[in-house]
Amino acid sequence: MIQPASRVTYRLAVAADGARGDALVAQFVDWAEERQKAESLRGMRVESLASGRPEMRQTLDRAEKFLNLVALLSALLAAVAVAIAARDFAQRRLDDCAVLRVLGAPQRRIGWSYALEFCGVGLAASAFGVLLGLAVHQVFVAILGNLVNAAQLPPPGVMPALFGLGVGMTLLVSFGLPPVLQLARVPPLRVIRRDLGALRPASLLVLAGGAAGFIALLLAASSDWKLGGLAVGGFAGAVLVLAGLSYVAVRLLRRLVPESRAPRWLVLATRQIAARPAFAVLQVSALSVGLLALVLLVLLRTDLIASWRAATPPDAPNRFVINVQPEQAEAFQARLAEAGVGRHDWYPMIRGRLVAINGRSVRPEDMGEERAQRLVDREFNLSHGAHLPPHNELVAGQWRRTNPMR
């Protein structure tokens with residue numbers, strides 16, 4: 001059946017199994033694209049799920065950015081939780097460490113003991129999180145078993161597990177250890193005087209180290225330097241604004257609550273908050289950033305789903321039939337009517353090529369984008385009709401109501 005003017009398309013599907021499967025496929029794609037450009041092969045293109053269709057690529061890009069942002073916000077919420085929990089743990093262990101100092105325990109031993117304890121708990125918690133993620137992966141594979149072939153999905157590898165362990169330990173070292181290590185510096189005199197040895201704000205060096213580790217974690221979790229930079233800058237600005245507002249609120253609370261006329265419980269609460277304004281500002285800022293991350297996640301999720309639904313109208317067709325010959329059209333439409341299909345679009349289809357625009361020849365070299373060059377150098381599926389469809393917009397010229405193909 002292959003003769004001159006026949007339409008023949010050859011496709012080569014490439015896949016690879018194993019741990020290096022994706023790397024091997026990417027290597028083959030790079031080699032094929034280099035050969036195509038070097039030999040100027042016409043009528044050949046290399047496409048994938050992400051690059052084959054613009055609308056599919058746009059959907060995947062949106063989903064990928066949303067998932068990256070989810071990872072960023074999850075890391076941010078985890079950092080807030082680790083910082084609050086570690087500071088509360090250290091606050092409740094001040095008296096114990098003071099007793100240990102009285103009994104002769106050296107600072108180094110106390111510091112190493114708590115550091116090893118925290119690292120052990122953090123490693124166990126990170127491993128549990130990795131196992132939980134693997135279990136959720138298996139649950140999703142079972143749920144999607146009727147939609148996709150589970151055997152074609154890539155198997156879970158070692159790198160995501162190592163990345164999860166690294167994320168957990170980074171959060172622990174950056175936000176959990178600094179307040180805990182202050183327990184080694186509790187003075188023995190705290191056994192008698194409870195006002196001594198309170199937790200102090202971390203030094204600039206510790207804060208710089210924790211911030212650097214957290215920024216590196218956000219950039220690694222986002223897999224996108226631009227998205228990671230925007231997230232880091234945005235939340236850094238939010239922290240500064242929230243900290244300033246919290247400090248102003250603490251100062252106003254101290255002035256607006258009169259000790260002579262206010263209830264006793266309100267006076268005591270105000271004194272407790274105003275006595276440690278830095279700690280109050282830290283707690284309020286951390287909780288505010290956590291709530292901000294949750295609200296942002298909900299809004300982005302809603303916006304993403306809304307954009308997906310808006311991209312496909314409710315009455316979009318889900319079945320397409322092509323290559324119906326003219327002598328088959330009447331019988332085919334009658335069969336649709338018998339099946340109860342009352343609404344369907346019917347368009348003639350022809351093959352054509354763009355050869356000129358306003359009398360000027362069109363060449364692939366005149367196009368700037370690679371995709372435009374490829375489209376110019378191939379045939380299109382074209383249609384014609386006597387009336388302008390309602391979903392088409394005429395931006396220039398006039399519509400001819402007569403059929404241009406007759």
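Nothing fancy with the numbering, it's 1 onward along the sequence. Side-chain atoms are counted along with the backbone in the values below, which use heavy atoms only and exclude waters and symmetry mates.
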>> Once you measure the plane-to-plane angle for W31 and F28, does it fall in the parallel (<30°), tilted (30-60°) or perpendicular (>60°) bin?
In response: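 If you compare the ring of W31 with that of F28, the planes turn out tilted.
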
As an exercise, state the distance from [atom1] of [X] to [atom2] of [Y], rounded to the nearest 0.5 Å.
X: L24; Y: Q27; atom1: CG; atom2: CD; value: 6.5 Å
X: F163; Y: T170; atom1: CZ; atom2: OG1; value: 8.5 Å
X: Y347; Y: I322; atom1: OH; atom2: CD1; value: 16.0 Å
X: R351; Y: N381; atom1: CZ; atom2: CG; value: 4.5 Å
X: S126; Y: L171; atom1: OG; atom2: CG; value: 8.0 Å
X: Q398; Y: L388; atom1: CD; atom2: CG; value: 13.0 Å

> Under the side-chain contact (heavy atoms from CB on, under 4.5 Å) criterion, do L242 and Y247 qualify, and how do the steps go?
Replying inline: CA-CA 9 Å; L242 293 172; Y247 180 76; over 6 Å; no

> Are the side chain of S246 and the backbone of V284 linked by a donor-acceptor contact shorter than 3.5 Å?
Replying inline: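 Here the side-chain-to-backbone pair does not exist.
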
>> Tell me if a side-chain donor or acceptor on Q138 pairs with a main-chain N or O of A135 at a distance below 3.5 Å.
In response: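 No, Q138 side chain to A135 backbone: no donor-acceptor pair under 3.5 Å.
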
> Excluding sequence neighbours, so at least two apart, what forms ring-ring contact (aromatic ring centres under 6.0 Å, His included) with W112?
Replying inline: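 W112 satisfies ring-ring contact (aromatic ring centres under 6.0 Å, His included) with no residue once adjacent residues are dropped.
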
> Going through the checks in order, is the side-chain contact (heavy atoms from CB on, under 4.5 Å) test met by Y10 and L12?
Replying inline: CA-CA 7 Å; Y10 298 95; L12 174 63; over 6 Å; no

>> Going by side chain to side chain donor-acceptor pair (under 3.5 Å), name the residues that satisfy it together with R363, two or more places apart in sequence or in a different chain.
In response: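 In terms of side chain to side chain donor-acceptor pair (under 3.5 Å), with neighbours along the sequence ignored, R363 is linked to D366.
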
> Mind checking what makes side chain to side chain donor-acceptor pair (under 3.5 Å) contact with R92, not counting sequence neighbours?
Replying inline: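 If we apply the side chain to side chain donor-acceptor pair (under 3.5 Å) test to R92, skipping adjacent residues, the hits are D88.
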
Measuring only between side-chain heavy atoms, which start at C-beta, is [X] closer than 4.5 Å to [Y]?
X: I110; Y: R101; result: yes
X: L123; Y: M169; result: yes
X: Y114; Y: C97; result: yes
X: F118; Y: V173; result: no
X: V362; Y: M367; result: yes
X: V99; Y: D95; result: no

> Is it the case that more than 12 heavy atoms not belonging to Q333 sit under 6.0 Å from its CD atom?
Replying inline: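 For Q333, atom CD is crowded (more than 12 foreign heavy atoms under 6.0 Å).
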
Taking all atoms of both residues into account, what is the closest heavy-atom pair of [X] and [Y], and its distance?
X: L394; Y: W399; answer: CD2-N, 3.6 Å
X: S383; Y: P348; answer: OG-O, 2.6 Å
X: V46; Y: A32; answer: CG2-CB, 3.9 Å
X: A86; Y: G176; answer: CB-O, 3.4 Å

